[in-house]
Amino acid sequence: MTTNHTATGSLLTALCPDLRTALVRVGYDADTLLDVLGPDVHAALGRSEPVPVRRAARAAGELGTLIRLLLLGDALPERAVAAALAPVRIDAAVAAGLLVRAGDEVMAALDLRPLDTGAGTRWILSDLDDSMRRRTLTEDHVLGVGHASLSLLRATPTEPVGTVLDLGTGCGVQAVHAASYAGRVTATDVNGRALWLAEATAALNDLDIDLLEGSWFEPVAGRRFDQIVANPPFVVGPARIEHTYRDSGLALDGASELVIGQAPDLLAPGGTAAMLAAWAHVDGQDWRQRVSSWLPAHGVDAWVVQRDVADPGLYVGTWLRDAGLDPRDPAAQKRAEQWLAAFEAADVDGIGFGFVYLHAIDGPTELLAEDLTHGFDDPLGGEVASYFARSAWLRAVAADENLALTSRFAPSPATALERVYLPGEDGWTEQVARLHRGDGPRWQHEVDDATVALVAGMRPDGLPLYELLELLALADGAEQVTPEFAAEAVRVVAGLVRHGLVRPV
């Protein structure tokens, strides 16, 4: 069912105070939901398996009624729903577009689910997807809290800032998250239905968020923000729009190019952008060069993290299923054929996906684009501020190598030395030595014995780097530190600093 959001927007927003009262009273929050369902059934909910969830919900009273109504999409007796949603009146909920009547029963017309974004439970309103019932998604479908939005939540820095822009807010989940660390949040979207739901989401959580309708950065032209968050329609494919939440109408990775290229103009001095993006891997072209070409020549420190690379067939099939299509159906196969033909014409042999972080600086643009495809548990957002602080220190070293040589260093508390041995004819033979960071992105650097000895000598109250190098040179039989040895040591230490394995003190 498609709701006229212009006519019902104020009704849904007006309903939110009573709806919040009902959700709190029943215990429709992230922690209680997990307690009631248990980890196994909660996992079944994530796998789109309704039967275990429905069985558990039947014994959960009014909370169980809301679980079945809002998470499973079940049609339920009006009396039971009225009791669970009190003081919300069923007629008011239907008029506002939250519920729809189905004979003598009522069903949810929207998805409403609790989410702990790091500051306690928030409730997110979005359109119903096909996770529990087969549905065909409309062009203006407003996506709920999916894997991409959850990954961006964990990858967004949350240090307190004054202003945040959420570009392409969708259901408003990133804006709601930003409200926990920003003084003022502005959210934009080209989809009026998305803004209708984002407005209600803000009201449901008693948050004041500025919502603006328009394309890309147009609604905030001329403004500056301390932080920009963006989960844009980054899907790489032909220049078409089938679903506004994923399709930009720009060919291939044009959406990511636009956002990455224009976001720096809206950053306040020292501001940071955190965004999801995707880029084509074109035969004969380094993906790093492709992304680098999108950045301005001046004013940005960019950190690009590639988390995954998909082959074209897997990529197209994944997004067809995302839209509720069966890749075996003839219509879906026709779309897949067109999509893959567009990739072939552009020599695309893979599609990269990851995070792009931009930091406004006063100087030439710098870029580190790297693969980070191994698994790690710590949220990446907590690493961002530290990364850019280390990057700033390294810029100072690049301008004055003597700064590094006169500085003291210490290993990070989470840094460990790992040696790998394999059996051989004469016993165990060392194959490789690594410095391994045990927290954050869990970086590893292969090191030689000289680097191992150098890091072993680092202490917060110890010797400056140059004096450590003198000791290493003496131990190796050299009378002095050569310029070449010093330069190589600074290069190695800079790499360890960049990834937080050692730190200047």
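In this chain, numbering begins with 1 at the start of the sequence shown.
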*Asks:* Once rounded to the nearest 0.5 Å, what's the spacing between atom CG of Leu380 and atom OH of Tyr357?
*Replies:* 4.0 Å

*Asks:* Answer whether the closest heavy-atom distance between the side chains of Val164 and Tyr181 falls below 4.5 Å.
*Replies:* yes

*Asks:* Are Asp166 and Thr188 side-chain neighbours, meaning at least one heavy-atom pair lies under 4.5 Å?
*Replies:* no

*Asks:* For His499 and Trp443, take the angle between the two ring planes, folded into 0 to 90°, and tell me which bin it lands in: parallel under 30, tilted 30 to 60, perpendicular over 60.
*Replies:* parallel

*Asks:* Quick check: Phe409 with Trp393 (ring centres under 6.0 Å apart)?
*Replies:* yes

*Asks:* Under 3.5 Å, is there a donor-acceptor pair between the side chain of Arg113 and the main chain of Val145?
*Replies:* no

*Asks:* Determine the minimum heavy-atom distance between Pro312 and Phe343, stating which atoms define it.
*Replies:* CB-CD1, 3.7 Å

*Asks:* Okay, side chain of Gln431, backbone of Thr429: is any donor-acceptor separation there less than 3.5 Å?
*Replies:* yes

*Asks:* To the nearest 0.5 Å, how far apart are CE in Met275 and OG in Ser256?
*Replies:* 9.5 Å

*Asks:* Checking the side chain of Ser391 only, and the main-chain atoms of Tyr387 only, is there a donor and an acceptor separated by less than 3.5 Å?
*Replies:* no

*Asks:* Work out which heavy atom in Ala175 is nearest to a heavy atom in Ala187; give both atom names and the distance.
*Replies:* CB-CB, 4.2 Å

*Asks:* So, does Arg442 use its side chain to make a donor-acceptor pair with the main chain of Gly438 at under 3.5 Å?
*Replies:* yes

*Asks:* Ignoring hydrogens and geometry, is there a side-chain-to-backbone donor-acceptor pair from Gln262 to Phe217 under 3.5 Å?
*Replies:* no

*Asks:* With respect to Leu197, which candidate in Asp189, Leu125, Thr169 satisfies the side-chain contact (heavy atoms from CB on, under 4.5 Å) definition?
*Replies:* Leu125

*Asks:* Please round to the nearest 0.5 Å and tell me the distance separating atom CG of Asp449 and atom CG of Leu454.
*Replies:* 12.5 Å

*Asks:* Could you tell me whether the side chains of His436 and Glu418 share a donor-acceptor contact shorter than 3.5 Å?
*Replies:* no

*Asks:* With the side chain counted from C-beta on, respond yes when Thr272 and Leu267 share a heavy-atom pair under 4.5 Å apart, and no when they do not.
*Replies:* no

*Asks:* Decide if atom CD of Gln333 counts as having more than 12 heavy atoms of other residues, nucleotides or ligands within a radius under 6.0 Å.
*Replies:* yes

*Asks:* If you count the non-hydrogen atoms of other residues, nucleotides and ligands that lie under 6.0 Å from CD in Glu479, is the total more than 12?
*Replies:* no

*Asks:* May I ask you to decide if Val236's main-chain N or O and Asp253's side chain share a donor-acceptor pair within less than 3.5 Å?
*Replies:* no

*Asks:* Please report the interatomic distance CD(Glu344) to CG(Asp349), rounded to the nearest 0.5 Å.
*Replies:* 11.5 Å

*Asks:* Does the side chain of Thr32 come under 3.5 Å of the side chain of Asp35 through a donor N or O and an acceptor N or O?
*Replies:* no

*Asks:* So, Asp301 and Arg395, do they make that salt bridge, N to O below 4.0 Å?
*Replies:* yes

*Asks:* Less than 4.0 angstrom from a charged side-chain N to a carboxylate O is my criterion; do Arg408 and Glu467 meet it?
*Replies:* no

*Asks:* Kindly indicate, with the supporting measurements, whether the criterion side-chain contact (heavy atoms from CB on, under 4.5 Å) is fulfilled by Trp294 and Val304.
*Replies:* CA-CA 12 Å; Trp294 301 342; Val304 181; over 6 Å; no

*Asks:* Is Arg290 reaching over with its side chain to a backbone N or O of Asp286, donor-acceptor style, under 3.5 angstrom?
*Replies:* no

*Asks:* Between Leu496 and Thr451, is a side-chain contact (heavy atoms from CB on, under 4.5 Å) present by the stated rule, with each step listed?
*Replies:* CA-CA 10 Å; Leu496 297 176; Thr451 303; 4.2 Å; yes

*Asks:* Indicate the atoms forming the closest heavy-atom contact of Ala302 with Leu295, along with that distance.
*Replies:* CB-CD1, 3.7 Å

*Asks:* Just wondering, do Leu165 and Leu266 contact through their side chains at under 4.5 Å, heavy atoms?
*Replies:* yes

*Asks:* For a quick test of reading the model, state the closest non-hydrogen atom pair linking Ser180 to Ala119 and the distance between them.
*Replies:* CB-CB, 3.8 Å

*Asks:* Crowded around His374 NE2? As in, over 12 foreign heavy atoms under 6.0 Å?
*Replies:* yes

*Asks:* Any carboxylate oxygen within less than 4.0 angstrom of a Lys/Arg side-chain nitrogen, looking at Lys334 and Glu337?
*Replies:* no

*Asks:* If you apply the rule side-chain contact (heavy atoms from CB on, under 4.5 Å), what do you find for Arg154 with Leu150, and how did you get there?
*Replies:* CA-CA 6 Å; Arg154 290 174 51 83; Leu150 285 174; 5.8 Å; no

*Asks:* Should the heavy atoms of other residues, nucleotides or ligands under 6.0 Å from CG of Asp448 be counted, would the total exceed 12?
*Replies:* yes

*Asks:* Check whether His177 reaches the backbone of Thr158 with its side chain - one donor and one acceptor, N or O, closer than 3.5 Å.
*Replies:* no

*Asks:* Going by distance alone, is a donor N or O of one side chain under 3.5 Å from an acceptor N or O of the other, for Trp279 and Gln306?
*Replies:* yes

*Asks:* One thing to verify: whether Asp210 and Arg184 come together as a salt bridge, which I'm taking to mean a side-chain N less than 4.0 angstrom from a carboxylate O.
*Replies:* yes

*Asks:* Is any side-chain heavy atom of Val497 less than 4.5 Å from a side-chain heavy atom of Pro504?
*Replies:* yes

*Asks:* Could you go through the salt bridge (charged side-chain N to carboxylate O under 4.0 Å, His left out) check for Arg288 and Asp371 one step at a time?
*Replies:* CA-CA 10 Å; Arg288 298 167 181 83; Asp371 286 292; 3.2 Å; yes

*Asks:* Can you tell me how far the CG atom of Leu34 sits from the CG atom of Asp116, to the nearest 0.5 Å?
*Replies:* 11.0 Å

*Asks:* When rounded to the nearest 0.5 angstrom, what is the spacing between OG1 in Thr201 and CG in Leu195?
*Replies:* 11.0 Å

*Asks:* Between Asn205 (side chain) and Leu207 (backbone), is there a donor-acceptor pair under 3.5 Å?
*Replies:* no

*Asks:* What pair of heavy atoms forms the shortest contact from Ala202 to Ile209, and how long is it?
*Replies:* CB-CD1, 4.0 Å

*Asks:* Quick check: are there more than 12 heavy atoms from other residues, nucleotides or ligands sitting under 6.0 Å from CG of Asp400?
*Replies:* yes

*Asks:* What do the steps show when you test Arg459 against Asp461 for salt bridge (charged side-chain N to carboxylate O under 4.0 Å, His left out), and what is the final call?
*Replies:* CA-CA 5 Å; Arg459 300 284 189 278; Asp461 57 351; over 6 Å; no

*Asks:* Do Ile351 and Val309 have side chains that approach each other closer than 4.5 Å (heavy atoms only, starting at C-beta)?
*Replies:* no

*Asks:* Under the side-chain contact (heavy atoms from CB on, under 4.5 Å) criterion, do Asp31 and Thr121 qualify, and how do the steps go?
*Replies:* CA-CA 8 Å; Asp31 291 338; Thr121 289; 5.6 Å; no

*Asks:* Do Leu258 and Trp216 have side-chain heavy atoms sitting under 4.5 Å apart?
*Replies:* yes

*Asks:* Cut-off 3.5 Å, side chains only: do His298 and Thr365 have a donor facing an acceptor?
*Replies:* no

*Asks:* Do His281 and Val348 make a side-chain contact, defined as non-hydrogen atoms from C-beta onward lying under 4.5 Å apart?
*Replies:* no

*Asks:* Is the side chain of Asp226 donor-acceptor paired with the backbone N or O of Thr163 at a distance under 3.5 Å, no angle test?
*Replies:* yes

*Asks:* Which pair of non-hydrogen atoms, one from Val41 and one from Leu37, has the smallest distance, and what is that distance?
*Replies:* CB-O, 3.2 Å

*Asks:* Would you call Glu383 and Arg390 a salt bridge, using N to O less than 4.0 angstrom?
*Replies:* yes

*Asks:* Cut-off 3.5 Å, side chains only: do Arg223 and Thr186 have a donor facing an acceptor?
*Replies:* yes

